[in-house]
Amino acid sequence: MPSVSVRNLTVAYNKGRTLALDNLNLDIRDGEFCVFLGPSGCGKTTALLCIAGLLVPTSGSIKIGDQVVISDDKKTFVRPQERNIAMVFQEYALYPSMTVRGNMAFALENKKYPREEIDRKVNSIANMLGIEQLLDRKPAQLSGGQRQRVALGRALVRDPSLFLLDEPLGNLDAKLREQVRFELKRIQRQLGVTTIYVTHDQTEAMTLADRIVLMKDGKVMQQGSPKDLYNRPINTFVAGFVGTPKINFLECGVTAKENRPYFNFGRSSLPGSPSLKAKLSGKACVIGIRPSDFALADMSDPEAIKGTVELIEPMGDEILVHFMVENHLLVGKFDAADEDRVCERVAVKVDPEKLHVFDGKTGDRIA
Amino acid sequence: MPGQLHLTSKQKLLHAFYYLVLLLFAAFYLLPFWGAITTSLKSSAEVFTTSPLSLPDRPTLEAYVAALNHLKKPLINSIVVTIGGTFFSVLLGSMCGYVFAQYRFKFDNIIFVLVVSAIFLPYQAILVPLFQTIRRLGLYDSVWGLILAHTVYGIPMMTLMFRSFYGDVPKCLVQQAMLDGYGPWTIYRRVILPSTKIATVTGVVFQFASIWNELLFALVLTGYDAMPATVSLNQMMGTLAAEWNVQMAGSIWLAMPVLVLYIVMGKYLIRGYMAGSVAAT
């Protein structure tokens with residue numbers, strides 16, 4: 001299975017006035033499950049189409065394994081059908097006039113495999129996905145989930161060296177999505193095929209990815225493991241995009257007291273880590289607090305911030321508490337067992353080491 | 001009774017009035033057709049003694065036999081020209097439509113507009129150059145000349161129609177086929193064509209009806225040998241001094257194929273028009 005490396009990939013429209021993809025650099029390791037994540041229009045599908053060879057970039061180069069598929073000078077261009085790539089589209093793109101078997105065999109027929117071998121391959125993949133009883137049906141006779149499986153099967157049957165998925169779960173309902181997500185991960189592990197997966201759903205990205213490439217406006221904001229992005233987001237955009245429920249942001253002024261910075265908003269303040277003091281002096285900043293990083297405190301605790309409870313959402317073993325502090329609506333996630341400690345008012349503290357501190361102007365991470 | 005509509009007497013009266021108006025219109029539209037059928041079933045003697053709309057006293061098919069004798073060769077010409085013209089104009093128009101719908105290339109929009117603008121050229125405007133071209137090609141009074149003319153004249157309309165049909169085929173279907181290793185020609189043949197059968201049926205019916213009924217090109221581009229039935233029917237008026245029953249029988253022979261085609265393909269045609277505007281697959 002090959003690695004993929006992308007260098008300075010740029011796709012421009014309107015004579016360079018609109019950049020769909022702005023200087024993308026990327027190294028995907030062999031066998032890695034890489035997720036392109038971002039809001040719609042961020043360029044993630046554009047990047048995928050370039051790797052597939054369905055879109056010719058304005059500039060930049062792409063290497064799949066040892067083969068340069070498009071070079072900077074565009075003198076080398078390997079056509080999509082020669083890249084041994086399988087792709088699953090959000091709309092599934094099943095050929096409506098062919099049966100499921102025909103759909104799955106279509107690519108193999110082109111490779112001039114003998115009939116028996118095609119049948120054997122199709123049957124074994126159909127078995128693996130549990131669609132063997134659907135083989136003689138037409139796509140129109142299938143449900144959404146079945147179509148999705150067929151699309152997946154059609155991609156897998158080819159033994160691709162690179163597997164591209166463009167929002168493949170987008171058209172499924174929530175329950176089915178979870179199930180197929182699990183299967184997808186299992187199959188990918190089993191086959192060890194290098195996979196690039198495009199989605200705007202951060203939950204999918206967090207659960208599936210070995211590596212997430214988070215994009216916005218054609219640029220990569222941050223890439224790394226789901227943990228990296230969650231624990232050390234490099235700016236407010238990344239912090240806000242990854243994690244559910246969403247991270248809380250507070251605009252603060254900073255003052256120093258007894259060797260330790262304090263983040264002030266309104267009449268409340270939160271203590272920061274002493275190690276930050278030097279980096280912060282007098283700057284306006286934005287702090288980010290994950291809902292799960294709030295800890296309940298006593299109302300008498302002078303270091304705790306106090307708020308008015310607006311809404312409690314029970315989630316089974318956890319509760320989400322929406323509370324108002326100094327005109328900021330914050331969300332905290334607590335153990336359901338602690339529900340009786342949350343009344344009309346609530347007091348919370350945050351471990352100073354868990355605060356995410358961003359520059360107030362640029363939104364970049366300070367610490 | 002639940003679910004049933006209760007009409008007041010006033011509404012009933014209104015409904016009756018609507019039906020009466022609609023019936024009157026229907027009768028008005030069907031009158032010439034009725035006249036043609038009754039006249040065609042009469043003997044030559046009876047035609048001149050009775051009203052065109054009255055039922056024949058002694059129905060006879062002799063007019064149909066006479067008309068068929070006269071129209072045999074022209075009808076065969078018509079069939080050849082129509083099938084040939086329909087086949088080539090639908091085939092080429094559909095290929096053009098596919099290219100314009102699925103591929104981007106330099107000046108594609110300008111070329112498309114140029115091709116399609118030919119739809120708005122009136123027949124009469126191109127008649128003289130068309131005649132000269134066909135004669136130079138040595139195709140005057142040949143079914144091939146007429147097939148060529150109908151093909152060329154049909155391509156713009158078919159291109160426009162098929163482009164809109166194929167434009168509705170999801171782009172990812174073509175991209176998928178590309179990744180599966182196929183080139184434009186196989187994608188057209190094995191993916192696009194089979195998933196848009198309604199488009200093909202619509203195109204075929206449209207071209208078949210217009211070529212079959214066409215008179216002007218046929219009049220100008222053929223002499224005796226390749227003369228299609230429309231021209232021949234017109235000439236019957238001059239040669240056979242107003243034998244109305246034979247005339248009408250000939251008209252009905254001529255109308256038959258298109259009518260049958262409409263009846264058989266009608267439901268596809270309506271679905272086709274809808275599909276073109278909403279969704280293809």
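Computed from heavy atoms alone, side chains included, the values below leave out hydrogens, waters and symmetry copies. We name chains A, B, ... by the order of the sequence lines, and we start the count at 1 in each one.
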Working for side chain to side chain contact (heavy atoms under 4.5 Å, CB included), residues Arg190(B) and Phe106(A): CA-CA 10 Å; Arg190(B) 293 199 55 188; Phe106(A) 196 52; 3.4 Å; yes
Looking at Lys73(B), I want to see if its NZ is surrounded by more than 12 non-hydrogen atoms of other residues, nucleotides or ligands under 6.0 Å. yes
Leu173(B) side chain reached by Pro96(A) side chain, heavy atoms, under 4.5 Å: yes
What is the distance from atom CG of Leu49(A) to atom SG of Cys172(B), rounded to the nearest 0.5 Å? 10.5 Å
Taking side chain as everything from C-beta outward and backbone as N, CA, C, O, which of these in Glu109(A) sits under 4.5 Å from a heavy atom of chain B? Side chain, backbone, both or neither. both
Reported CZ-to-CD distance for the pair Phe89(A) and Gln175(B), which is rounded to 0.5 angstrom: 4.5 Å
Hey, is CG on Asp66(A) packed in by over 12 heavy atoms from elsewhere, all under 6.0 Å? no
Side chain of Tyr95(A), backbone of Pro194(B): donor and acceptor closer than 3.5 Å? no
Nearest atoms (heavy-atom pairs only) where Pro80(A) meets Leu179(B): CB-CD2, 3.8 Å
Would one find more than 12 heavy atoms of other residues, nucleotides or ligands at under 6.0 Å from atom CZ of Phe107(B)? no
Take a 6.0 Å sphere around CZ of Phe25(B) and say whether it holds more than 12 heavy atoms from other residues, nucleotides or ligands. no
Rounded at 0.5 Å granularity, tell me how far NZ in Lys111(A) sits from CG in Asp180(B). 9.0 Å
With rounding to the nearest 0.5 angstrom, report the CE to CD distance, Met178(B) to Gln81(A). 6.5 Å
Within 6.0 Å of CZ in Arg79(A), more than 12 heavy atoms from elsewhere: no
So for Arg154(A), is it side chain, backbone, both, or neither that comes closer than 4.5 Å to the heavy atoms of chain B? side chain
So what's closer than 4.5 Å to chain B heavy atoms on Arg158(A): side chain, backbone, both or neither? side chain
